[in-house]
Amino acid sequence: MLALAGCIPRGDQRREPPRATTPARAERAGADTLQCHIDLAREGIGFRALPDQRFGGGCSALGAVQLVNIGTPVTNLRAMTCPLARAFARWSREAVQPAAGQWFGARIVRIETFGTYACRTRNSQPGARLSEHGFANAVDVSGFVLEGGRRITVQEGWNGEDERVRRFLRAVHQAGCRRFNIGLSPDADAYHYNHMHFDMGRGPYCR
Ligand SMILES: [Zn+2]
């Protein structure tokens, strides 16, 4: 089920032997990566290409990049497939900053994430398929810091009392769904109570 696309485990450390990377995924990564590098360079996004890595358990980071400068500082971003990185950089510039201007009249000075690559099954459930995190193809966004220091978190703000915060978070989630293949929020299921999950796996799915 797409709704069970997994996220960084929060305390549940059970692991199952996941399935191997399919050749199709590696081929797709190769075809997409060169054009993606060109796009990043043209859009002024600072990045480093990372060597392909195949890890145990079927996990891999193929065609991955390290984002260095997307105009907004971001915590915990490590290996990301290039299409994921491209979508993330565009989302931060075209959606997050404008939404912050609209709802708070301020810039976002930091986007906080729980990270990208993690070799595990969806929602860390035994026997489930590998999460897109196992392919460096997903990112979990947990919060935002406004200039002046105000911190907005998905956990406290999604259903919190501040209507502007609720609207801002929903706006950036909806905008994420237009740029990533999958977008999950606290409305998706209990696993996502404290972050938005975005990935470039098979979609579209937005909740
Ligand atoms: Zn996730």
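As the structure lists them, so they are numbered: ligands from 1, and atoms in each ligand from 1. Excluded from the calculations below are hydrogen atoms, water molecules and symmetry mates; all remaining heavy atoms, backbone and side chain alike, are included.
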Does the shortest distance from the Zn ion (ligand 1) to an N/O/S atom of [X] fall below 2.8 Å?
{"X": "His133", "answer": "yes"}
{"X": "His192", "answer": "no"}
{"X": "Asp140", "answer": "yes"}

For the Zn ion (ligand 1): the N/O/S atom of His197 at shortest distance
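Among the N, O or S atoms of His197, the one closest to the Zn ion (ligand 1) is ND1.
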Any pair with a residue in residues 64-89 that passes ring pair (Phe, Tyr, Trp, His ring centres under 6.0 Å), sequence neighbours left out, goes on the list, sorted by first then second residue, please.
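Counting only pairs at least two positions apart or across chains, the ring pair (Phe, Tyr, Trp, His ring centres under 6.0 Å) contacts touching residues 64-89 are Phe88-Trp91.
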Near Glu156 CD, under 6.0 Å, is it more than 12 heavy atoms from other residues, nucleotides or ligands?
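No, CD of Glu156 has 12 or fewer neighbouring heavy atoms, counting only those of other groups under 6.0 Å.
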Would you say that more than 12 heavy atoms from the other residues, nucleotides or ligands in this model lie under 6.0 Å from the CZ of Arg170, or not?
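More than 12 heavy atoms, drawn from other residues, nucleotides or ligands, come within 6.0 Å of this atom.
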With sequence neighbours left out, which residue pairs that include part of residues 95-111 fulfil the salt bridge (Lys or Arg N to Asp or Glu O under 4.0 Å) condition?
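Qualifying pairs, neighbours excluded: Arg110-Glu112.
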